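These notes are about the structure you will find just below.
Everything numeric here is computed off the predicted structure, so don't read it as measured data.
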Amino acid sequence: MANRAVLLVFLVVASYFVVVMNGSGGALSLSSSKLIHRYSEEAKALWVSRSGNVDVKWPKKNSVEYLELLVRNDLMKKKTRQNVKLVNHYDLLFPSHGSQTLFFGNDLAWLHYTWIDIGTPNVSFMVALDAGSDLLWVPCDCINCAPFSATYYNNTMLDKKNLLCPQGSIIGRGPRTRKFKFYIYPPSIEDGIYITPWCSLVFGASIMQDKDLSEYNPSLSNTSKNLPCSHHLCKLGTNCKGPKEPCPYIVDYSSENTSTSGFLVEDKLHLASVSDHATKNHVQASVILGCGRIQSGSYLDGAAPDGVMGLGLGDISVPSLLAKAGLIQNSFSICFDENDSGRILFGDEVFATQQSTPFLPFAGKSDGYFVGLEHYCVGSFCLKLTQFQALVDSGTSFTYLPTKVYEKIVFEFDKQVNATRIHLQESPFEYCYNASSQELHSIPSMRLMFTTNRSYPIHNPLLTDSENQAFSDFCLTLLPTDGEYGIIGQNFMKGYRLVFDRENLKLGWSKSNCQDINGNQAHLKPPSHDGSPNPLPTTEQQSIPNTHAVPPAVAERASSNSSVAVPQQIPSWLGLMISLVLLVFFLPVT
């Protein structure tokens with residue numbers, strides 16, 4: 001039997017060499033392909049010969065147009081490969097509670113929040129949305145955390161309201177009270193009078209609506225497991241005693257003495273999608289989250305008491321993990337409207353009618369959503385900025401400018417505004433005014449000009465309190481910073497659908513009331529296309545069609561032999577090989 005097998009293998013190999021030699025006239029020949037660069041002279045000649053178009057425009061080698069076309073083709077190839085990989089791709093995902101975001105003003109540090117579910121069985125958390133950091137963390141096995149009781153937050157806000165706002169009379173005198181960190185205080189003019197509508201604006205109604213906040217306990221979740229110190233996403237693994245120990249973490253934030261620390265776990269984040277038939281699908285995605293045992297600073301003083309969802313570029317962020325798992329395109333969008341609500345959508349993409357500007361590296365690193373600004377315009381005046389960058393950060397309440405830029409902008413604003421400037425002793429804002437309803441209409445507009453010459457009008461750079469129908473107090477919500485870059489905070493994001501396109505490293509924006517992209521609609525975005533009338537073919541296109549509409553392909557297959565057709569009848573040598581194979585099978589077994 002062994003002899004028969006050896007003979008059979010020999011015959012098969014011999015047959016292969018006979019076929020090759022027969023096809024090449026007796027000489028051994030190997031098939032080959034000739035690669036032609038898409039913008040070479042040879043490719044141009046081939047394109048002209050096949051299309052008949054002698055006027056085809058060909059980019060000059062190493063020119064700006066040449067490099068742009070190559071980069072665009074690389075991006076298209078990357079996206080095509082990703083689409084092939086994403087077998088279980090969802091167009092959009094959003095938290096299982098819905099895509100809505102929440103805003104409570106001063107009550108919870110002027111941040112935007114959304115409800116998410118984590119674990120099995122699922123536990124709900126109201127997390128702050130932070131595009132300026134990476135980690136998703138929630139209070140967990142607490143040593144030092146913010147209170148969880150809804151009664152605490154409602155009573156705390158009520159105490160502050162009673163302390164700062166007079167009861168009974170509509171008009172009262174502003175008390176000089178102790179300073180609350182980062183809170184905006186009631187407008188007070190020289191005679192000490194302020195109006196109670198300000199209190200309604202700042203304190204509002206019961207914020208928690210009797211719903212207590214949650215504490216995460218990994219041991220109670222059937223799908224939870226500790227992230228070991230040996231994991232590649234464990235940055236503090238060198239501090240561990242052993243590779244299987246839970247990975248520790250600590251994150252320091254830019255706010256004074258504000259941090260969270262604990263250990264990392266892996267668990268399920270509950271999401272939802274909407275199909276073309278408006279059917280809601282539930283999705284459980286594996287994410288890495290911080291079990292936040294110790295919080296400090298602002299996290300104990302009203303900011304994000306129930307955790308933070310980091311949306312940054314880091315590998316550990318929720319958008320990064322969802323994209324890597326093949327669930328969505330590597331992008332997300334947030335939209336904040338003027339009515340203290342909004343939307344968050346994972347997988348949302350920049351569409352053709354949106355404006356966009358590229359994300360830029362800062363200090364040689366691409367670890368934040370930095371954009372380049374060329375001008376900051378107040379009315380018709382535009383301040384030219386040189387190599388100026390700003391971080392787009394939903395986790396920062398207001399907008400910050402480096403001190404020198406800030407001084408020039410507020411000086412120009414103050415010069416153009418037609419209102420009486422007032423001093424609010426406890427306000428963090430320097431430029432506050434009292435204006436009549438008529439003067440309010442003449443407040444100068446503001447807009448940003450990005451490096452791509454794209455205009456970004458600021459919908460509402462003011463915090464306004466209407467005393468009555470005749471007069472209002474308002475403050476310009478700009479703040480100075482000693483940093484090297486600016487920060488575009490959530491107050492300058494309002495009124496826009498902002499798409500953080502991480503795949504193509506660009507920020508897209510369009511005016512929106514945030515109602516056209518809610519999770520209850522089946523069709524959430526216009527048909528996708530890249531806006532290019534003649535997109536370059538990818539490497540998967542291996543030939544040039546005989547048409548004038550399609551540009552040259554990347555490579556043209558070169559024939560390994562002449563174009564003479566191979567006869568269809570069975571050659572004599574093939575009959576001989578078949579006979580020998582049959583003879584092998586009829587040999588007696590020894």
Side-chain angles (χ1 to χ4, degrees), residues 93 95-97 113-130 133-153 208 210-253 258-272 282-297 299-300 303-310 314-318 320-322 324-325 327:
L93 288 176
S96 56
H97 285 267
Y113 298 80
T114 194
W115 285 99
I116 63 171
D117 277 1
I118 295 173
T120 308
N122 55 301
V123 181
S124 298
F125 299 89
M126 189 180 72
V127 292
L129 300 173
D130 184 12
S133 66
D134 297 327
L135 183 66
L136 164 64
W137 66 266
V138 294
C140 163
D141 292 347
C142 284
I143 297 174
N144 192 31
C145 299
F148 300 112
S149 169
T151 304
Y152 168 83
Y153 291 98
M208 305 309 298
D210 299 325
K211 185 173 183 179
D212 290 344
L213 301 180
S214 301
E215 180 179 6
Y216 178 63
N217 188 336
S219 63
L220 298 181
S221 174
N222 297 330
T223 49
S224 172
K225 59 182 179 181
N226 292 335
L227 193 78
C229 291
S230 58
H231 197 281
H232 71 281
L233 290 178
C234 181
K235 292 185 177 181
L236 297 181
T238 55
N239 297 341
C240 300
K241 295 180 180 179
K244 295 184 179 181
E245 282 193 344
C247 174
Y249 84 88
I250 180 169
V251 179
D252 293 308
Y253 295 83
T258 298
S259 67
T260 175
S261 61
F263 60 92
L264 297 177
V265 298
E266 183 178 350
D267 209 339
K268 299 297 183 181
L269 174 65
H270 296 255
L271 301 167
H282 294 277
V283 180
Q284 292 188 21
S286 293
V287 296
I288 296 172
L289 65 144
C291 171
R293 306 194 69 194
I294 302 175
Q295 276 65 256
S296 65
Y299 293 144
L300 300 177
D306 212 20
V308 170
M309 179 185 284
D315 292 337
I316 206 169
S317 73
V318 169
S320 296
L321 294 171
L322 295 180
K324 187 175 181 179
L327 295 174

- Only counting residues at least two apart or in another chain, list the ones meeting side chain to side chain contact (heavy atoms under 4.5 Å, CB included) with Val287. Leu136, Leu269, Leu289, Leu321
- Message: Would the distance check show the side chain of Thr120 and the main-chain N or O of Asn222 forming a donor-acceptor pair, the cut-off being under 3.5 Å?
- Response: no
- Message: Counting C-beta onward and ignoring hydrogens, is there a side-chain heavy-atom pair between Leu264 and Ile316 closer than 4.5 Å?
- Response: yes
- Message: Please check: side-chain N/O of Glu215 versus main-chain N/O of Phe148, any donor-acceptor pairing under 3.5 Å?
- Response: no
- Between Cys229 and Cys240, is the SG gap short of 2.5 Å? yes
- How many angstroms lie between atom OG1 of Thr114 and atom CE of Met309, to the nearest 0.5 angstrom? 7.0 Å
- Is the distance between the SG atoms of Cys140 and Cys291 less than 2.5 Å? yes
- Item | Donor-acceptor contact below 3.5 Å, side chain Arg293 vs main chain Ile143 | no
- Message: Counting C-beta onward and ignoring hydrogens, is there a side-chain heavy-atom pair between Phe125 and Asp117 closer than 4.5 Å?
- Response: no
- Task: For side-chain hydrogen bond (donor to acceptor under 3.5 Å, both in side chains), just list the numbers for Ser124 and His97, CA-CA rounded to whole Å, side-chain angles, deciding distance to a tenth of an Å, and then say yes or no.
- Result: CA-CA 9 Å; Ser124 298; His97 285 267; 3.2 Å; yes
- Message: When you compare the side chains of Asp267 and Thr223, does any donor N or O come within less than 3.5 Å of an acceptor on the partner?
- Response: yes
- Message: Using side-chain hydrogen bond (donor to acceptor under 3.5 Å, both in side chains), reason through Thr260 and Tyr249 one step at a time and then give a plain yes or no.
- Response: CA-CA 8 Å; Thr260 175; Tyr249 84 88; 2.9 Å; yes
- Would you find a donor on one side and an acceptor on the other, under 3.5 Å apart, between the side chain of Asp306 and the backbone of Val127? no
- Query: Would you find a donor on one side and an acceptor on the other, under 3.5 Å apart, between the side chain of Asn226 and the backbone of Pro246?
  - Reply: no
- Between Trp137 and Tyr216, does the ring centre distance come in under 6.0 Å? no
- Query: Do Leu271 and Gln284 have side chains that get closer than 4.5 Å, going by heavy atoms?
  - Reply: no
- Query: Does Ser149 reach the main-chain N or O of Thr151 with its side chain, forming a donor-acceptor pair under 3.5 Å?
  - Reply: yes
